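Step one of this worksheet: look at the structure below.
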Amino acid sequence: MEKTIAVLPGDGIGKEVVAGAIKVLETVAAQYGHQFNFEYGRIGGVAIDEDGVPLPADTIQLCKNSDAVLLGAVGGPKWDQNPPHLRPETGLLGIRKELGLFANLRPVQAFPSLADASTLKKEVIENVDLMIVRELTGGIYFGTPRERKVENGVKMVVDTLVYTNEEIERILRKAFELAMVRNKKVTSVDKANVLETSRVWREIANEVAKDFPDVQLDHMLVDNAAMQLIRNPKQFDVMVTENMFGDILSDEASMLTGSLGMLSSASLSADGPGLYEPAHGSAPDIAGQNKANPLATILSVAMMLKYSFNLLEEGTVIEQAVNEVLNKGYRTADIASGNESVLSTDQMVEQVIKEIKEISK
Ligand code: NAD
């Protein structure tokens with residue numbers, strides 16, 4: 001298989017963790033006889049410095065012409081005082097919009113060897129393996145009107161929660177498709193006891209479910225879902241929800257694993273390239289020191305292989321390699337506890353590559 005991957009390392013540790021993930025992809029390509037072509041582009045602070053904008057037009061074109069996009073992270077103190085159109089995050093929002101990335105996938109998997117890194121009890125997080133599917137381009141974050149106003153002398157403020165039926169259906173369909181290749185269970189999260197958008201969401205979920213008879217569908221109110229996520233997270237397989245609920249629940253769920261350095265993510269569109277990135281930021285405090293944990297980015301490219309290229313075995317091999325490396329006690333500083341020996345970014349990448357070669361030989 002030959003694929004072109006747009007690579008946007010971005011700022012801070014973005015460059016370091018992306019370099020590691022590329023080495024992992026090159027290893028997989030060599031082991032399985034694939035060819036991945038890497039085309040580099042600029043986004044975020046580095047693009048502001050070199051191109052004068054956080055998302056240059058040729059970066060957008062590069063991404064649109066590729067089969068998938070790998071992003072590091074953007075941002076840093078150097079650009080914190082810039083006006084909104086010259087901020088690194090504006091580049092990030094811009095590329096999501098340009099690529100029509102409406103589905104954000106955040107897997108939350110508890111690695112047994114890292115159980116102590118979570119604030120929750122070991123027996124609660126053991127064997128957790130869930131996926132939050134968040135609608136990313138609609139809902140209250142984008143609805144209009146959005147304004148402050150004065151009516152009859154009364155000051156007020158309005159945000160608008162709006163969804164088209166088509167927007168609801170496509171994200172629910174995505175969740176069911178994912179459940180089909182996982183444990184065949186979808187929990188649709190809403191606030192149907194109060195919100196009309198949620199009542200329609202629920203109706204559409206029931207309709208979409210008819211096309212997936214093998215998948216079990218449950219509905220859960222968002223307040224209960226927030227509680228169940230920390231009470232008994234093992235009950236979930238795929239959890240799907242609208243933009244704002246997903247924003248909050250995905251951050252809550254991320255803490256089940258205990259470390260930002262382990263969390264991967266994917267954002268998918270209807271038919272264009274998907275974008276894969278670690279959930280963490282550019283970590284200016286450790287940038288350039290070869291200390292960053294590359295595993296979130298490595299797990300993100302495993303998602304790329306599975307979801308964009310349908311290379312299920314290759315993606316799984318990367319996940320197994322990460323698990324094996326952790327089982328053997330290898331740690332970067334952020335996930336080390338007690339007297340475990342601490343590896344640099346490069347050393348951690350080398351260990352993962354060694355495991356991939358071992359598993360796939
Ligand atoms: P951050 O995720 O960069 O860092 C938070 C803390 O976690 C820091 O102490 C950092 O050292 C640590 N950390 C994060 N990733 C790590 C890794 N892979 N290995 C080891 N330690 C890691 O969040 P922040 O400090 O709030 O933000 C820093 C910059 O990143 C800001 O400019 C922010 O806007 C930007 N940011 C970008 C993204 C993105 O590009 N998607 C996301 C969040 C924040």
Side-chain angles (χ1 to χ4, degrees), residues 6-21 24 41-49 54-55 59 63 69-97 99 101 104-106 111 114 117-119 134 136 246-248 250-251 254-255 257-267 274-301 303 322 325-326 330-337 340 342-349 351-352:
V7 183
L8 314 180
D11 307 312
I13 62 165
K15 293 187 271 262
E16 300 163 55
V17 292
V18 161
V24 166
R42 286 190 287 269
I43 191 169
V46 65
I48 295 170
D49 287 352
L55 182 62
T59 298
C63 293
V69 181
L70 173 61
L71 179 80
V74 300
K78 182 177 179 189
W79 306 280
D80 274 353
Q81 307 308 323
N82 284 10
H85 69 286
L86 288 180
R87 290 183 63 99
E89 299 77 15
T90 306
L92 204 56
L93 295 177
I95 196 66
R96 287 178 183 156
K97 185 161 174 260
L99 298 178
L101 303 171
N104 182 240
L105 279 48
R106 283 248 209 133
F111 292 91
L114 294 184
S118 175
T119 51
R134 166 188 170 194
L136 205 57
D247 189 4
I248 298 165
S250 61
D251 265 26
S254 72
M255 279 300 101
T257 63
S259 175
L260 265 176
M262 297 299 303
L263 287 166
S264 55
S265 90
S267 300
L275 183 145
Y276 298 82
E277 59 181 323
H280 59 73
S282 58
D285 52 336
I286 57 165
Q289 299 173 37
N290 200 14
K291 277 188 187 168
N293 183 346
L295 296 179
T297 316
I298 289 172
L299 291 168
S300 300
V301 299
M303 292 182 85
V322 168
V325 164
L326 293 172
Y330 296 115
R331 302 282 187 271
T332 43
D334 58 312
I335 49 173
S337 59
E340 287 158 343
V342 171
L343 302 190
S344 68
T345 308
D346 294 344
Q347 288 168 329
M348 185 54 112
V349 171
Q351 288 304 328
V352 174

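Only a predicted model underlies this, so the values are computations on that prediction, with no experimental measurement involved. Whatever order the structure lists ligands and atoms in, that order sets their numbers, starting from 1.
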Enumerate the atoms of ligand 1 whose separation from the nearest heavy atom of [X] is less than 4.0 angstrom.
| X | answer |
| --- | --- |
| E89 | 34 (O) |
| I13 | 15 (N), 16 (C), 17 (C), 18 (N) |
| L92 | 39 (C), 40 (O), 41 (N) |
| I286 | 11 (O), 20 (C), 21 (N) |
| G75 | 32 (O) |
| A73 | 40 (O) |
| G281 | 1 (P), 2 (O), 3 (O), 30 (O), 36 (N), 37 (C), 38 (C), 42 (C), 43 (C), 44 (C) |
| E277 | 41 (N) |

Go through L326 and I335 one step at a time and tell me if the side-chain contact (heavy atoms from CB on, under 4.5 Å) criterion holds. CA-CA 10 Å; L326 293 172; I335 49 173; 3.9 Å; yes
Run the side-chain contact (heavy atoms from CB on, under 4.5 Å) check on D251 and R106 step by step: do they pass? CA-CA 9 Å; D251 265 26; R106 283 248 209 133; 3.5 Å; yes
In the protein, what heavy atom is nearest to [atom], and what distance, to one decimal place, separates them?
| atom | result |
| --- | --- |
| atom 29 (C) of ligand 1 | S282 OG, 3.2 Å |
| atom 5 (C) of ligand 1 | L260 CD1, 4.0 Å |
| atom 3 (O) of ligand 1 | A283 N, 2.8 Å |
| atom 14 (C) of ligand 1 | H280 CB, 3.7 Å |

Which value, rounded to the nearest 0.5 Å, describes the distance between [X] atom [atom1] and [Y] atom [atom2]?
| X | Y | atom1 | atom2 | answer |
| --- | --- | --- | --- | --- |
| M255 | S250 | CE | OG | 11.0 Å |
| E277 | M303 | CD | CE | 10.5 Å |
| L295 | S264 | CG | OG | 10.5 Å |

Is the shortest N/O to N/O distance between A292 and ligand 1 below 3.5 Å?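 So ligand 1 has no N or O lying under 3.5 Å from an N or O of A292.
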Return a yes/no value for N293: is any of its N or O atoms, backbone included, closer than 3.5 angstrom to an N or O of ligand 1?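 There is such a contact, yes.
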Less than 4.0 Å between [atom] and some protein heavy atom, yes or no?
| atom | value |
| --- | --- |
| atom 24 (P) of ligand 1 | no |
| atom 7 (O) of ligand 1 | yes |
| atom 41 (N) of ligand 1 | yes |
| atom 11 (O) of ligand 1 | yes |

Just go through D334, I335, V74 and tell me whose heavy atom is the nearest to atom 20 (C) of ligand 1.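 Nearest option to atom 20 (C) of ligand 1, by heavy atoms: D334.
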Pick from G76, G12, G45, A279: the one approaching atom 32 (O) of ligand 1 most closely through a non-hydrogen atom: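 That would be G76.
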If you look only at pairs with a residue in residues 279-289, which of them pass as a side chain to side chain donor-acceptor pair (under 3.5 Å), with sequence neighbours excluded?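 Of all non-adjacent pairs touching residues 279-289, those that pass side chain to side chain donor-acceptor pair (under 3.5 Å) are Q289-K291.
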Would D11 and K78 satisfy side-chain contact (heavy atoms from CB on, under 4.5 Å), going step by step from the backbone distance to the final call? CA-CA 11 Å; D11 307 312; K78 182 177 179 189; over 6 Å; no
Structural part of [X] in contact with ligand 1, heavy atom criterion under 4.0 angstrom:
| X | answer |
| --- | --- |
| P284 | side chain |
| K291 | neither |
| D285 | side chain |

Less than 4.5 Å apart, any side-chain heavy atom of V322 and any of V325?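 Heavy-atom side-chain distance check fails, nothing below 4.5 Å.
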So do the side chains of I48 and R87 get within less than 4.5 Å of each other, counting heavy atoms only?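 Answer no - side chains too far apart.
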Does E16 have any salt bridge (charged side-chain N to carboxylate O under 4.0 Å, His left out) partners at least two apart in sequence or in another chain, and if so, which?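 Partners of E16 under the salt bridge (charged side-chain N to carboxylate O under 4.0 Å, His left out) test: none.
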Without hydrogens or angle criteria, can the side chains of D49 and W79 be said to hold a donor-acceptor pair below 3.5 Å?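 Short answer, yes.
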Going by atom types only, do D334 and T332 share a side-chain donor-acceptor pair under 3.5 Å?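 Judged by distance alone, the side chains do pair up.
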Check for a donor-acceptor pair, side chain of T90 on one end and backbone N or O of L86 on the other, with a separation under 3.5 Å.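 Flag not set: sc T90 to bb L86 has no pair under 3.5 Å.
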Apply side-chain contact (heavy atoms from CB on, under 4.5 Å) to the pair L8 and L70, showing each step before the final yes or no. CA-CA 6 Å; L8 314 180; L70 173 61; over 6 Å; no
